[in-house]
Structures are given as C-alpha cells and as structure tokens.
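Read the structure below first, then the notes.
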Amino acid sequence: MGGIDISGIDVSVIGLFIAVVTGIGSYVLGRRMREKRAARKREKDRIASQANETRQVRRARERRESGK
C-alpha cells in the first residue's frame, strides 16, 4: 500500500524517515547558529557600551572585575 516495495521496506517509509531526520538536523543546526549570532551581538553591544563609558565609570568597573 503506499510506495514501491524494496526488500520488504516501503519507499514512502524511508522517505518519511529521511525527512524527519533532516528536519531535526536542520532545527539543531539553526538553533546553534542563532545562539552564536546572538552571542556575537551581545559581545558587540557590550564593547560599544564600554566605549561610551566615562573614565570614572570605566575605572569603577575595572576595579569590580579585578576584585572577582
């Protein structure tokens, strides 16, 4: 019923399995790429905000970071 029979396995079942595996792989890959892109954007925003700091604010932040 369904597709051409190859050694007891229906071709439509094989196609469905491949589609599911491909979909899961695509989801995982897209998620990783989005996380990397978001991390780069956060780092870029952090650097930009630090560039706009006054000397007093920058020194206070550096003291806090070195105290950790």
Side-chain angles (χ1 to χ4, degrees):
M1 186 171 172
I4 301 170
D5 193 35
I6 298 176
S7 67
I9 300 175
D10 201 19
V11 172
S12 61
V13 173
I14 293 171
L16 183 63
F17 176 75
I18 290 171
V20 168
V21 170
T22 303
I24 292 171
S26 177
Y27 171 77
V28 170
L29 183 65
R31 201 172 155 103
R32 281 191 180 165
M33 289 175 70
R34 187 174 61 240
E35 287 172 0
K36 284 183 181 179
R37 195 167 48 244
R40 281 197 306 266
K41 186 176 182 342
R42 278 192 306 270
E43 182 65 17
K44 185 178 175 183
D45 291 346
R46 185 185 66 81
I47 290 170
S49 69
Q50 285 182 0
N52 292 329
E53 290 176 346
T54 63
R55 181 182 302 139
Q56 182 180 6
V57 172
R58 185 178 70 244
R59 288 184 178 164
R61 178 183 45 80
E62 289 170 352
R63 279 195 301 272
R64 277 194 315 270
E65 289 175 353
S66 65
K68 288 183 179 177

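None of these values were measured; they are calculated from a predicted model.
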- Item | From R61 atom CZ to S66 atom OG, the distance as rounded to the nearest 0.5 Å |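 Spacing of CZ (R61) from OG (S66) equals 10.5 Å.
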
- Message: Holding to side-chain contact (heavy atoms from CB on, under 4.5 Å), I want the full list of residues that pass it with E43, two or more places apart in sequence or in another chain.
- Response: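 Testing E43 for side-chain contact (heavy atoms from CB on, under 4.5 Å), a comparison that skips the adjacent residues, returns R46, I47.
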
- Heavy-atom neighbours of E35 CD exceed 12 at 6.0 Å: yes

- For residues E53 and R58, report the shortest heavy-atom separation together with the two atoms involved. OE1-CA, 3.3 Å

